[in-house]
Structures are given as C-alpha cells and as structure tokens.
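Below you'll find the structure, written out as structure tokens, and then a few comments.
If you read the sequence from its start, that first residue is 1, and numbering goes on from there.
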Amino acid sequence: MKDPFKYSFERLEDIAERISEVLECPITIEDVNHRLLAYSTHNDCTDPARISTIIGRRVPEKVINNLWKDGIIQKLLQTDQPIRVKQIDEVGLGNRVAISIWRNNEVLGFIWALEIQKRLSDEELELLKMAAQAVKNKLLNLQARKTKMEERNQEFFWKLLTKHISSHEEIQEGFQKLHLPIPSVYSVLILKFQSEITDSIERQLQYLLKTTQKVHPLLSTIDYDQMIMFISPKGVQPLQDFKMFLQWIVTQLKERFMIQKVKTSIGGIYTDLTNVEKSYREALSVLAIKERFPMETEGLDSYSELGIYQYLDIFYEKRKKDGFVNYSLNKLKEYDRAHHTNLVETLEVFLDHDSNVNAAAKKLNVHVNTLSYRLKRMTEIAEIDLNNPNQKMTIYLDLKIDKMKDL
C-alpha cells in the first residue's frame, strides 16, 4: 500500500489536514497529556467533545475520566493498533477511532478520527497507522524542546524552594522568562509516597498534573519519594481548591495506577511570591506532624488546619528546658500504673473529640454512663476542672508533648 503521508510537512496542522483528506473525516492530534496539538478543519460533521477540545486546547476532564472508566486510555497505552471508541452521550463524544503514537516503549500522543458520517474500513485503519508514523517525527521534535523547558522550570522551582532567589524582581523575571503566569495566590503542595518515585510513577503524576482542570499547576519537581508542586487555585476558595485537588489526585492514583497510601500536605497560602520557601517548609512540617500524630491529624492536609500542632515543637522544647511536670497528668499516670486502668487514654480521646461525650464513648467503645463515671473520677484524682478551658488546654498540650518524648 502506498504511503500517502511521505511528504515534508512544515506544521502538525498540515499533517492533520492531510490525514483528514485521505480518511475523509475530522482529525485531532493530541500529546500524551491530552493537550491539543493540531486539528483538521471540519464542516458540520463534528461533536461537542471535539468542539470543547478545540476551544479549550485540551480534552475536557469529564471526557478523559469517562475514557479511563471505559478502559480506552488503558488500551491506548498498551497497543499501537487502532482502537474503536463508541459514543458516550453524557460527555458529547461521538464514535471515533484512536491510535497511539509510539517511540520505542513510550507513548508520545494520540490521533483521533471521528466516525460520525462514515466507518473507517480495514484499509483506512492501515492508513491511520501510517499517519501515526508521520506524526511521530514531529512529536519527537516537540518533545525535545519540551524536555529542555521542563529542566529550566525545575531549576527555577528549586531556586524558589531553597530561597536562592528571593527578591520580587528576580522572581517575576523568572516567571516571565519561562512564560509562566504570575499567580496572585499560591501554595506549595506535596505528595509523599511509600518509596522512591520511579520514572513510571513520575510520568503518571505528570499526566495527572497536565490533565487536571481543578487547579493551575505551575511548577513541579521530584525529591526522592516526594512530588513537590507549586499550585494556584482556580476559584475564590484556595484551600478548598487545593484539598479537592489532592483528594482527586490520590483517588486517581489509586483507581488508575493502583498506587496507594500516598500522604498529602499543603503549605501556607500566600500572595507574596517571596514566601515560596516558607510555604514549602510548612508543607514539610505538615508531613512530619502527620507522621507523629496519624490518628489526630487524619483528614488534615493544610498547615493552617493544624492548630496547636503547629507549635508543639516550641512547647516541647520549653517543657524540656524548664523541666516542667504537669501535676494533674502525672497523678492520672500514677493511678493508671497502680490500678491497671486507662484514664490517660480516656482523657485524651475525650479531648480529641472536643469534649463530646457521645463521640468519645463511641470511639472508646464504652457506654456514655461509663465514660461519664470515668471523667468524674479523673476530676477527683487529677484535681482538674474539665469545664475550665485553660486547664483543659494545658493538659491536652502535655498529653501530646508526652507522645513526642516517645519518638
């Protein structure tokens, strides 16, 4: 079969038009992260998903999610053969044929051919495979430029994280050189894995960062088992945006790539670009605190949500320096040792649940009356008034500081 794509094409748009002419259907060409690279002109023969992709220069997130659910993306990442995609009405996707563009064992992108007015024949599917080879050469050039740009981005990001550049002027100049938008609000977010991030996992993470439409990921880098990200929000509630993004990315890692037990953290949220290093330190601090207090900080991601845990190191050092011993807590410990009871644990659970007797009793798996009796005994033994917020806060802090001594 004669190859109709053995021409010298100046632009990807020219190749897309040529493929469209040969196959007589609309064509789109995307990179591996579903960003639109080129598309052919079309008449009325199109669908809402293609129109949204062209307008937004990327495939809509809801379309990507449905393609994953239907197993289409998984197939495209495993084979160089054309894959038929049936219409998905809820996201405005018509019948299509898709093919991956490969270099060795790596997917560089995809070609999508709409089958709205016709179904491609076996011969035309073979032509589509030839088209993928023609597109590959163009994508290799694009990838080389992209790799150099990513290296410059990472170098700049590490300078921000380590405060090697700290003035507004230097930072703004760096953003401008890299053609990155200067965010009005931002935070440093971290994903921490159980072991070193492999090249394969890094590609999967980059895929999720490039395809998300929940936030604006501006910069990212890998540090052994951590993915560090510089993110700006899309809406007017940055913390909510960041938390939803982390929840989404953890879910996608689990469902799409079978990666579990990923820890997450959000540093301080700032408007001043000179605080990037500070936000990074705070994100690291969140991870350290979550490591120390996994039960108490379950569900917490942000430095701003940690409350007293932000200051435990300071309190711990002061207690150690002063040699302070909490009288009430010490009395409870002595009573537990002498009578083989667990009043200290009971008190901690009670305070962890904001003095809610019903919630604490449920956590301890005891009757509310039993807990109420224990609380009464505590006030007698420890000579403490649990209705007094100052006394309550002091003993709560010392309960947590005690845990730090054991680490």
Which heavy atom of Val276 sits nearest a heavy atom of Leu273, and at what distance? CG2-O, 3.2 Å

Rounded at 0.5 Å granularity, tell me how far CD in Glu317 sits from CG in Asp322. 11.0 Å

Output all residues satisfying ring-ring contact (aromatic ring centres under 6.0 Å, His included) with Phe257, sequence neighbours left out; order by chain, then residue number. Trp68

Closest heavy-atom contact between Gln206 and Ser220? NE2-OG, 3.2 Å

Answer yes or no: are there more than 12 heavy-atom neighbours, outside Asn369 itself, under 6.0 Å from its atom CG? yes

Any donor-acceptor pair under 3.5 Å from Asn104 side chain to Glu106 backbone: no

Which residues pass the side chain to side chain donor-acceptor pair (under 3.5 Å) test with Thr341, sequence neighbours left out? Asp336

CD1-OG1 distance between Ile51 and Thr46, expressed to the nearest 0.5 angstrom: 4.5 Å

Using the side-chain contact (heavy atoms from CB on, under 4.5 Å) criterion, which residues pair with Ser285? Sequence neighbours excluded. Ile289, Tyr303

Look at the side chain of Ser100 and the backbone N and O of Leu76, then say whether any donor-acceptor pair between them is shorter than 3.5 Å. yes

N/O donor-acceptor pair under 3.5 Å between Trp102 side chain and Thr79 backbone: yes

Under the criterion salt bridge (Lys or Arg N to Asp or Glu O under 4.0 Å), I'd like the reasoning laid out for Glu298 against Lys290: C-alpha separation, chi angles, the key distance, then a yes or no. CA-CA 8 Å; Glu298 188 178 359; Lys290 288 174 79 167; over 6 Å; no

Test your reading of the model: is there a side-chain donor-acceptor pair from Ser232 to the backbone of Tyr186, 3.5 Å cut-off? no

Please round to the nearest 0.5 Å and tell me the distance separating atom CD1 of Ile116 and atom CG of Leu114. 4.5 Å

Spatial distance of atom CG (Leu189) from atom OG (Ser187) [nearest 0.5 Å]: 5.0 Å

Sequence neighbours left out, what passes ring-ring contact (aromatic ring centres under 6.0 Å, His included) with Tyr335? Give chain and number order. His339

Take a 6.0 Å sphere around CD of Gln74 and say whether it holds more than 12 heavy atoms from other residues, nucleotides or ligands. yes

side-chain contact (heavy atoms from CB on, under 4.5 Å) partners for Ser184, two or more places apart: none

Residues that Glu348 engages under side-chain contact (heavy atoms from CB on, under 4.5 Å), provided they are two or more places apart: Glu296, Asp352, Leu399, Lys400, Lys403

Within a 6.0 Å radius of atom CE on Met244, are there more than 12 heavy atoms belonging to other residues, nucleotides or ligands? no

With sequence neighbours left out, which residue pairs that include part of residues 251-280 fulfil the salt bridge (Lys or Arg N to Asp or Glu O under 4.0 Å) condition? Lys263-Glu291, Glu277-Arg281

Is Ile29 close to Val135 at the side-chain level, that is, under 4.5 Å between some pair of heavy atoms? yes

Side chain to side chain donor-acceptor pair (under 3.5 Å) evaluation trace for Thr211 with Asn33: CA-CA 6 Å; Thr211 56; Asn33 297 313; over 6 Å; no

Indicate yes or no: at least one non-hydrogen side-chain atom of Phe157 is less than 4.5 angstrom from one of Ile228. yes

Would you call Arg18-Asp14 a salt bridge at under 4.0 Å N-O? no

For Ser304 and Ser302, which I'm curious about, is there any donor-acceptor pair between the side chains at under 3.5 Å? yes

Is any NZ, NE, NH1 or NH2 atom of the basic residue among Lys177 and Glu173 found under 4.0 Å from an Asp or Glu carboxylate oxygen of the other? yes

Shortest non-hydrogen separation from Leu120 to Leu23 and the atoms involved: CD2-O, 4.0 Å

Is Asp80 salt-bridged to Lys136, going by a charged N under 4.0 Å from an acidic O? no

With a 3.5 Å distance limit and no angle check, can you tell me whether Glu30 reaches the backbone of Phe110 through a side-chain donor-acceptor pair? no

All heavy atoms of Met227 vs all of Leu209, minimum pair found to be CE-CD1, 4.1 Å

Check Gly92 against Pro48 and note the closest heavy-atom contact, atom names and distance. O-CD, 3.4 Å

Hits for side chain to side chain donor-acceptor pair (under 3.5 Å) against Thr212, two or more places apart or cross-chain, chain-then-number order -> none

Which heavy atom of Val357 sits nearest a heavy atom of Phe350, and at what distance? CG2-CE1, 4.0 Å

Does a side-chain N-to-carboxylate-O contact under 4.0 Å join Glu124 and Lys118? yes

Please determine, by modelled atom types, if Glu282 and Ser279 share a side-chain donor-acceptor pair under 3.5 angstrom. no

Determine, stepwise, if the pair Arg292 / Asp313 fulfils salt bridge (Lys or Arg N to Asp or Glu O under 4.0 Å). CA-CA 11 Å; Arg292 288 175 178 174; Asp313 284 332; 2.8 Å; yes

So, taking the atom named CZ in Arg96 and the one named CD1 in Ile111, what distance separates them when rounded to the nearest 0.5 Å? 14.0 Å

Checking Ser372 side chain against Val368 main chain: does a donor-acceptor pair fall under 3.5 Å? yes

Can you confirm whether more than 12 heavy atoms, excluding those of Lys318, are under 6.0 Å from its NZ atom? no

Is the backbone of Gly94 close enough, under 3.5 Å, to the side chain of Lys86 for a donor and an acceptor to pair up by distance? no

What distance do Ile266 atom CD1 and Glu305 atom CD have between them, rounded to the nearest 0.5 Å? 6.5 Å

N/O donor-acceptor pair under 3.5 Å between Asp70 side chain and Ile72 backbone: no

For Glu21, I'd like to know if atom CD has over 12 heavy atoms of other residues, nucleotides or ligands within 6.0 Å. yes

Any side-chain heavy-atom pair of Met229 and Ile190 under 4.5 Å: no

For the rings on Tyr207 and His34, is their centre-to-centre separation under 6.0 Å? yes

Measure up the Phe156 and Phe175 rings against each other and bin them: parallel (under 30°), tilted (30 to 60°), perpendicular (over 60°). perpendicular

Do the side chain of Asn388 and the main chain of Ile384 share a donor and acceptor less than 3.5 angstrom apart? no

So, do Thr221 and Phe230 sit near enough that their side-chain heavy atoms are less than 4.5 Å apart? no

Sub-3.5 Å donor-acceptor pair from the side chain of Ser52 to the main-chain atoms of Ala49, do we have one? no

Quick one: salt bridge (Lys or Arg N to Asp or Glu O under 4.0 Å) pairs with a partner in residues 198-211, sequence neighbours left out? Glu150-Lys210

Report yes or no: do Glu17 and Thr41 form a side-chain donor-acceptor pair below 3.5 Å? yes

Tell me, which pairs form a salt bridge (Lys or Arg N to Asp or Glu O under 4.0 Å) where one or both residues lie in residues 223-242, sequence neighbours left out? Lys192-Asp225

With sequence neighbours left out, the residues meeting side chain to side chain donor-acceptor pair (under 3.5 Å) with Asp89 are Gln87

Those residues at least two apart in sequence (or on a different chain) that pass side chain to side chain donor-acceptor pair (under 3.5 Å) with Ser355 are Lys392

